[in-house]
Trainee: 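Take a look at this one; I'll ask things after.
Keep in mind it's a predicted model, so treat the numbers as computed, not measured. Chain A is the first sequence line, chain B the second, and so forth, proteins listed ahead of strands; every chain is numbered from 1.
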Amino acid sequence: MATERYNARTSEPKWQKAWDQAKLFETSNDDPRQKYYVLEMFPYPSGRIHMGHVRNYTMGDVVARHRRALGYNVLHPMGWDAFGLPAENAARDRGVNPRSWTYQNIEAMKAQLKVMGLSLDWAREIATCDPSYYKHQQRMFLDFWKAGLVERRSAKVNWDPEDMTVLANEQVVDGRGWRSGALVEQRDLTQWFFKITSMSQELLDSLDMLDKWPEKVKLMQANWIGRSQGVLLRWPLDPATAPSGETELEVYTTRPDTIFGASFMAIAGDHPLARKSAEGNPALAAFIEDIRHGGTSAAEIETAEKKGFDTGLRVVHPFDPDWLLPVYVANFVLMDYGTGAIFGCPSGDQRDLDFANKYGLPVVPVVMPEGADAKTFRILEEAYVDDGVMINSRFLDGMAPKQAFDEVATRLAGVSVGGRPQAERKVQFRLRDWLISRQRYWGCPIPVVHCESCGAVPVPQSELPIELPVDVTFDRPGNPLDHHPTWKHVDCPQCGRHARRDTDTMDTFVDSSWYFARFTDPWNEAAPTTLSVVDGPNGWLPVNQYIGGIEHAILHLLYSRFFARAMQATGHLNSVSEPFEGLFTQGMVVHETYRGPDGWVTPAEVKVEDFDGSRRAFLLTDGTPIEIGSIEKMSKSKKNVVDPDDIIGSYGADTARWFMLSDSPPERDVIWTEAGVEGAHRFVQRLWRLVSEAAPTLAGVVPASASEGVAGAISKAAHKTVKAVGEEIERLGFNKAVARIYELANALQAPLAEIAAGKASPAVKSAAREALDMLVILIAPMMPHLAEECFAVLGGSGMVADKPWPDFDQALVVDSEIVMPVQINGKKRGDLTIARDADQGAVEKAALELEVVQKALEGKKPRKVIVVPQRIVNVVV
RNA sequence: GCGGACGUGGCGGAACUGGUAGACGCAAGGGACUUAAAAUCCCUCGGCUUCGGUCAUCCGGGUUCGAUUCCCGGCGUCCGCACCA
């Protein structure tokens, strides 16, 4: 019986239109069913979707469609992270308008996403560059400010003198601006900050409750927040050496226990004491200048030598007025951590040891391993950093370091120097406040007016949004908002005198820190969120399943966690402080690279052939041999990009989706291969054949499960697959769900051929009918178009996208008879088929009667017989 | 340097809390159908083997009746942070 091949090109648009017309994926906030919120990280509208998007959105779509089938009220929205530098770069490079460039890109990408057949609620689409979105962001900025969560202060920034703008650290390459190539300067600018450090402890502690987040991401966040417990310790300066007005040096240390091993102090080049000392000391000034210009790249830091310069200053040891220690300026001490000063204990810190050895400073061991001899224990090239016993430390000798820590902290806390205790316990975080000011055009304007007499004044809420001007030019460097002839000139909202708008815009991470909340009611013009639907008993948040790339493990996710708390504090959320209940970080899409005589070549230009197991590549046009390079992330520079449009155009969306879900575990990288895509496409065709060829003979057959014979085997296979696929989708094991579906298709192949040939019993037909009905629904989350087509040919009414997930019969999922492997001395030697509920004694008896066992025993008694119920029998001879 | 993850056929990968190692797919080889090709279908597919076995999950030890899984020590790959006091 000849069946036409499945034609994705006609089928897919047809069903997409049908879903659209039925408004199947438009979600109502009033729907009383249990809510489920699936979200994939929204894209930047660069112009075209890439394979990473295809993978990300396919996974989300499987979860969304599966939950929908399970009867949830599913929210699965899509929007655009639409502010950012590329639009401005396009404006500078090609003279286009950032706004129209962005909106054109959105249109193009939306069309591409639609072709993928995603179950998205487009009625809730938002773009962060739209005033109807950023209006609320401006309002929240002001609310946060009022709540004490925003601060304006001076900060060091990377300044590109040519482009006249601030650069993010990532935009500084080898000390130069990534676009201009100009040497970047450190400048002090007054900037806006979100006070995320006020929540350091809370953000750290709450990580423990995120049990549906990858451990890896939680660990990365914990390290980023970087809590350490130590002591602030004040060392009096030796008056004979101190600069005028200076009396002490304050350091932060996590190891006060090693205080008797101290042999020097080290301060950062930017430390006030260093600057003061340098005033009358040109050599020191030159040294400070030198280390300031040291490279900051990873490679340079790794190889950087420990360098220091003796300031001539001396400090007095807190426990010994006669003990003076030198103060060095050192290149490895950072001004922005702790106090910018440390005491060096060479025996307990490798860095300090290297430094001491270089400058001939004493090395006194103060901790030795348990059981070592204090008289002979020496530290030469390697510091001892582990736990042990205190030595050479006067009243601390014999204590454990932890005990010594407390002893020192307590003793010095009781000593008053200048009216303050000499030591104070202090918890220190690595986390910095979030600098949100950017000197750029294409971002959310900061709604503040600067007035000479009133200072920084919030724009009244009634005047929001402060919209970006449309008539801007990019013909000169710097911020177009600053250059605009009129935009920044306004009257002060407080005193009415002439004032100036803040011309900075917000970091685009602000835009993405609350979009998930906006999706819950994007129609609310009066407020960022609608409290009755955003969270709480009838609300959407937290997002039940959030899916995106690992590259956002720290910043985006941490900022969003901060935002949720800040929104709660300012009344924009009811009770949710963790915005994402479940997080999944998917792997990248990677591809082989190809390199010809004239550089990188795209996969589309290459044909790969197999010669006795070794693969070789040639140029399609003239057969030039091409070198097959390493497998790498798809990138324009390596030209190893495969365009989703091409794949969907030639194979269809379902093939692309199926391939993305097959084989590779979703958290790992998936290697895009032509052979793999063809394999996926073969399965699409095979399923279609399977269903469409059987459909005529199964028309009108009533689905029913069976438990015996051929029909029973069919039913058991189907019901087991329903169970397994459901479980795997729930734990996002898409590759395993795919494998189970292959197994069912394999199991149905032969019986369906019999049926098509008219040789099957009614029971078999009924079982097959039920199995096929189930199969069609099982594939629907992954290959929704094919599923609809199969459903239709089987005579189903309505659409699969609207059908409930099938139930499985527990009795069919467990076999009444099982095959137990029988081991002798832990090696498998035979099988035992026995009733599932057979008791241990019966199993043991049956196992011992097996021929292989009898043979191994040679008439002797077994030493031991282990029976693991329903698992295995092991006979120890 | 610190922290973490991982290491299984030619390849991507399965194997639930320690219980039959290699599910499923890709590639390869053989066969059927065809004038031929494509498509499709069937078979084989870790090594060695005297066909009974035997060795195999990075390497070396250990715990256990039994280890891909747990412990110790190496080696390798990848990721994050980076002179954090």
Side-chain angles (χ1 to χ4, degrees), chain A residues 5 214-217 219-224 226-228 230-231 233 251-256 258 266 268 294 296 298 301-302 304-306 330-334 336-345 348-352 354-355 385 428-430 550-551 553-554 610 612-615 658-659 662-665 667-671 673-680 682-683 685-686 689 727 731 733 735-743 745-746 749-750 753 819-831 855 862-877:
Chain A
R5 281 170 68 80
E215 287 302 320
K216 179 180 165 168
V217 173
L219 191 75
M220 280 163 71
Q221 291 220 350
N223 288 340
W224 187 261
R227 183 184 199 270
S228 71
V231 168
L233 200 55
V251 306
Y252 176 71
T253 179
T254 55
R255 296 295 303 275
T258 64
T296 51
I301 287 168
E302 203 164 344
E305 197 185 349
K306 306 280 170 278
N331 64 342
F332 62 88
V333 180
L334 309 173
D336 59 359
Y337 187 79
T339 61
I342 62 162
F343 78 75
C345 172
D349 184 293
Q350 191 59 43
R351 227 177 15 193
D352 295 349
D354 294 345
F355 191 85
V385 296
Q428 184 80 36
F429 294 95
R430 215 189 67 109
I550 186 76
E551 68 273 18
I554 297 172
D610 211 292
D612 297 325
S614 84
R615 297 170 68 247
W658 185 251
F659 175 78
S662 311
D663 291 354
S664 287
E667 69 278 7
R668 266 191 243 180
D669 290 352
V670 61
I671 305 171
T673 64
E674 192 68 15
V677 181
E678 275 167 15
R682 266 202 301 276
F683 187 63
Q685 293 297 347
R686 192 177 140 207
R689 253 191 338 269
E727 286 170 355
R731 63 174 90 122
N735 57 323
K736 290 179 232 167
V738 162
R740 298 289 87 81
I741 289 174
Y742 270 113
E743 278 174 2
N746 291 345
Q749 184 106 351
V819 178
M820 287 178 83
V822 177
Q823 296 183 330
I824 292 166
N825 296 332
K827 300 239 156 137
K828 193 198 162 192
R829 282 295 179 273
D831 288 313
K855 209 171 143 194
R863 201 134 60 90
K864 200 171 177 186
V865 179
I866 292 136
V867 178
V868 183
Q870 298 172 26
R871 271 278 159 83
I872 203 163
V873 183
N874 191 14
V875 181
V876 185
V877 180

Trainee: I'd like to check A:Gln350 versus A:Val385 (side-chain heavy atoms, cut-off strictly below 4.5 Å). Are they in contact?
Mentor: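 No. Closest side-chain heavy atoms not under 4.5 Å.
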
Trainee: Check salt bridge (charged side-chain N to carboxylate O under 4.0 Å, His left out) between A:Glu727 and all other residues, then give those that pass, not counting sequence neighbours.
Mentor: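 Salt bridge (charged side-chain N to carboxylate O under 4.0 Å, His left out) check on A:Glu727 returns A:Lys723.
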
Trainee: Can you identify which nucleotide, out of B:G19, B:C84, B:G3, has its nearest atom closest to the A:Tyr337 side chain?
Mentor: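 Of the candidates, B:C84 comes closest.
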
Trainee: Of all residues at least two apart in sequence or in a different chain, which pass the salt bridge (charged side-chain N to carboxylate O under 4.0 Å, His left out) check with A:Lys216?
Mentor: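 If we apply the salt bridge (charged side-chain N to carboxylate O under 4.0 Å, His left out) test to A:Lys216, skipping adjacent residues, there are no hits.
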
Trainee: Find the distance A:Arg829:CZ to B:G52:C1' and express it as a whole number of Å.
Mentor: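 The answer, rounded to whole Å, is 10 Å.
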
Trainee: Considering just the side-chain nitrogens and oxygens of A:Gln749, establish if one lies under 4.0 Å of OP1 or OP2 belonging to B:C41.
Mentor: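 Answer is yes, contact under 4.0 Å.
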
Trainee: Is the phosphate of B:C84 approached by A:Arg255 (side-chain N or O, under 4.0 Å from OP1 or OP2)?
Mentor: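 No, no such contact exists.
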
Trainee: Restricting to side-chain hydrogen bond (donor to acceptor under 3.5 Å, both in side chains), what partner residues turn up for A:Ser228, sequence neighbours left out?
Mentor: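 Listed in chain order: A:Tyr252, A:Tyr337.
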
Trainee: Once you apply a heavy-atom cut-off of 4.0 Å, does A:Leu219 come out as touching a base, just sugar-phosphate, or nothing?
Mentor: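 Since only primed, P, OP1 and OP2 atoms lie under 4.0 Å of A:Leu219, the category is sugar-phosphate.
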
Trainee: Are any of the side-chain heavy atoms of A:Asp831 and A:Val822 separated by less than 4.5 Å?
Mentor: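 No, too far: nothing below the 4.5 Å cut-off.
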
Trainee: Tell me what A:Asn746 touches on the nucleic acid: a base, only sugar-phosphate, or nothing, going by heavy atoms under 4.0 Å.
Mentor: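 Answer is sugar-phosphate: A:Asn746 comes under 4.0 Å of backbone atoms only.
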
Trainee: Which nucleotide, if any, forms a Watson-Crick or G-U wobble pair with B:G73, using both distances under 3.5 Å?
Mentor: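 Its partner is B:C59.
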
Trainee: Kindly point out which of B:C83, B:G66, B:A85 is positioned nearest to the side chain of A:Arg351?
Mentor: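 Nearest to the side chain of A:Arg351 among the choices is B:C83.
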
Trainee: What integer distance in Å separates A:Phe659:CZ from B:C24:C1'?
Mentor: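 In whole Å, B:C24 C1' and A:Phe659 CZ are 15 Å from each other.
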
Trainee: Pick the nucleotide of RNA chain B nearest each of A:Lys216 and A:Ser228; which residue has the one closer to the 5' end?
Mentor: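 Closer to the 5' end of RNA chain B: A:Lys216.
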
Trainee: Heavy atoms under 4.0 Å, any strand shown: does A:Val670 hit a base, just sugar-phosphate, or nothing?
Mentor: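 Counting heavy atoms under 4.0 Å across all strands, no contact is made by A:Val670.
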
Trainee: So which nucleotide does B:A15 pair with, by the Watson-Crick or G-U wobble rule with both distances under 3.5 Å?
Mentor: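 For B:A15, the partner nucleotide comes out as none, under the 3.5 Å rule.
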
Trainee: Side-chain N or O of A:Arg682 less than 4.0 angstrom from OP1 or OP2 on B:C26?
Mentor: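 For B:C26, OP1 or OP2 has a side-chain N or O of A:Arg682 closer than 4.0 Å.
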
Trainee: Take the protein atom CD of A:Glu215 and the nucleotide atom P of B:G80, then report the distance between them rounded to whole Å.
Mentor: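 Going from A:Glu215 (CD) to B:G80 (P), I get 19 Å.
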
Trainee: Can you sort out the partners of A:Tyr742 under ring pair (Phe, Tyr, Trp, His ring centres under 6.0 Å), two or more places apart, ordered by chain and number?
Mentor: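 Testing A:Tyr742 for ring pair (Phe, Tyr, Trp, His ring centres under 6.0 Å), a comparison that skips the adjacent residues, returns A:Trp658, A:Phe683.
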
Trainee: Roughly how many Å apart are B:A21 and B:G46, using the P atom of each and rounding to a whole number?
Mentor: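 Roughly 15 Å separates the two P atoms.
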
Trainee: Just call it for A:Val876: base, sugar-phosphate, or nothing, with non-hydrogen atoms closer than 4.0 Å on any strand.
Mentor: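 If one applies the 4.0 Å heavy-atom cut-off, A:Val876 turns out to touch the sugar-phosphate alone, with no base involved.
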
Trainee: Rounding to the closest angstrom, what is the interatomic distance between B:G9 and B:A14 at atom C1'?
Mentor: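 Per the computed distance, 13 Å lies between those C1' atoms.
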
Trainee: May I ask you to test the A:Asn331-A:Phe355 pair for a side-chain heavy-atom distance under 4.5 Å?
Mentor: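 Not in contact.
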
Trainee: Sticking with atom P, work out how far B:G3 lies from B:U20, rounded to a whole angstrom.
Mentor: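 Those two atoms are separated by 35 Å.
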
Trainee: I'd like to know if A:Lys306 reaches the base of B:C83 with its side chain such that a donor and an acceptor end up less than 3.5 angstrom apart.
Mentor: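 Side chain to base: pair found, below 3.5 Å.
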
Trainee: Taking salt bridge (charged side-chain N to carboxylate O under 4.0 Å, His left out) as the definition, give me every residue that meets it alongside A:Arg351, ordered by chain and number, with sequence neighbours left out.
Mentor: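 A:Asp349.
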
Trainee: Rounding to an integer number of angstrom, what distance separates B:G22 and B:G7 when you compare their C1' atoms?
Mentor: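 Result for the C1' pair: 16 Å, nearest Å.
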
Trainee: So if I take every side-chain heavy atom of A:Gln823 and compare against B:A85, B:U40, B:G19, which nucleotide ends up nearest?
Mentor: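 Ranking B:A85, B:U40, B:G19 by closest atom to the A:Gln823 side chain puts B:G19 first.
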
Trainee: Mind checking the C1' distance from B:G25 to B:G80? Whole angstroms is fine.
Mentor: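 Their C1' atoms lie roughly 32 Å apart.
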
Trainee: If you only use heavy atoms from C-beta on, which nucleotide in B:C83, B:C26, B:A39 is closest to the side chain of A:Ala675?
Mentor: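 Nearest listed nucleotide: B:C26.
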
Trainee: Could you give the CD1-to-C1' distance, from A:Ile872 to B:U64, as a whole number of Å?
Mentor: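 Taking atom C1' of B:U64 as the reference, CD1 of A:Ile872 is at 14 Å.
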
Trainee: Check the distance between B:C84's C1' and A:Phe429's CZ and give it to me in whole angstrom.
Mentor: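 One finds 13 Å between C1' of B:C84 and CZ of A:Phe429, rounded.
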
Trainee: Just to be sure I understand the rule, does A:Tyr252 reach a base, reach only the sugar-phosphate, or reach nothing, if contact means heavy atoms closer than 4.0 Å?
Mentor: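 It contacts base atoms.
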
Trainee: Considering only B:C65, B:A85, B:G12, which nucleotide approaches the side chain of A:Lys864 most closely?
Mentor: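 The nucleotide sitting nearest to the side chain is B:C65.
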
Trainee: Less than 4.5 Å apart, any side-chain heavy atom of A:Val867 and any of A:Val873?
Mentor: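 Yes, close enough: below the 4.5 Å cut-off.
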
Trainee: Using OP1 and OP2 only, check whether a side-chain N or O of A:Arg740 sits under 4.0 Å from B:A14.
Mentor: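 For B:A14, OP1/OP2 do not have a side-chain N/O of A:Arg740 under 4.0 Å.
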
Trainee: So what's B:G52 paired with, Watson-Crick or G-U wobble, going by both distances under 3.5 Å?
Mentor: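 No nucleotide pairs with B:G52.
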
Trainee: When the P atoms of B:G18 and B:A67 are compared, how many Å lie between them, rounded to an integer?
Mentor: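 Between the two P atoms, the distance is 13 Å.
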
Trainee: In terms of side-chain heavy atoms, does A:Arg686 have a donor or acceptor partner in A:Asn746 at a distance below 3.5 Å?
Mentor: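 Checked: A:Arg686/A:Asn746 side chains pair up, N/O donor to acceptor below 3.5 Å.
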
Trainee: For A:Glu743 and B:G22, what is the distance between atoms CD and P respectively, to the nearest whole Å?
Mentor: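 Checked: the CD to P distance equals 13 Å.
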
Trainee: Considering Watson-Crick and G-U wobble pairs with both distances under 3.5 Å, what does B:C41 pair with?
Mentor: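 Check on B:C41: paired to B:G31, both distances under 3.5 Å.
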
Trainee: Both A:Val875 and A:Gln685 contact RNA chain B. Which one's nearest nucleotide lies toward the 5' end?
Mentor: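 The residue whose closest nucleotide sits nearer the 5' end is A:Gln685.
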
Trainee: Please report the distance separating the C1' of B:U40 from the corresponding atom of B:U34, rounded so that it comes out in whole Å.
Mentor: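 Those two atoms are separated by 11 Å.
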
Trainee: Quickly work out the A:Asp831 CG to B:G19 C1' distance and round it to whole Å.
Mentor: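 Whole-Å distance recorded here is 14 Å.
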
Trainee: Between B:G25 atom P and A:Arg686 atom CZ, what is the distance in whole Å?
Mentor: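 In whole Å, B:G25 P and A:Arg686 CZ are 7 Å from each other.
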
Trainee: Taking only N and O in the side chain of A:Lys828, is any of them less than 4.0 Å away from OP1 or OP2 of B:G66?
Mentor: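 No, because none of the side-chain N or O atoms of A:Lys828 sits under 4.0 Å from OP1 or OP2 of B:G66.
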
Trainee: Please encode protein proximity along nucleotides 5-11 of chain B as a string of B, S and -, counting only heavy-atom distances under 4.0 Å.
Mentor: -------

Trainee: Determine which nucleotide pairs with B:C2, using a 3.5 Å limit on both distances of a Watson-Crick or G-U wobble pair.
Mentor: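 Because both required distances fall under 3.5 Å, B:C2 counts as paired with B:G80.
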
Trainee: Both distances under 3.5 Å, Watson-Crick or G-U wobble: report the partner of B:G9, or none.
Mentor: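 Across any shown strand, B:G9 pairs with none.
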
Trainee: Counting side-chain heavy atoms from CB outward, which of B:A82, B:G3, B:A85 is closest to A:Asn223?
Mentor: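 The answer is B:G3, which lies nearest to the side chain.
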
Trainee: Could you state the interatomic distance from CG (A:Asp663) to NZ (A:Lys736), rounded to the nearest 0.5 Å?
Mentor: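 Spacing of CG (A:Asp663) from NZ (A:Lys736) equals 13.5 Å.
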
Trainee: When you measure from the side-chain N and O atoms of A:Asn735 to the phosphate of B:A14, is any distance below 4.0 Å, counting only OP1 and OP2?
Mentor: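 Looking at the OP1 and OP2 atoms of B:A14, one of them is under 4.0 Å from a side-chain N or O of A:Asn735.
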
Trainee: At under 4.0 Å, does any side-chain N or O of A:Arg871 touch on OP1 or OP2 of B:U17?
Mentor: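 So the side chain of A:Arg871 is outside the cut-off, no N or O lying under 4.0 Å from OP1 or OP2 of B:U17.
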
Trainee: Write down the distance separating the P atoms in B:C48 and B:U68, rounded off to the nearest Å.
Mentor: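 So the two P atoms sit 22 Å from each other.
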
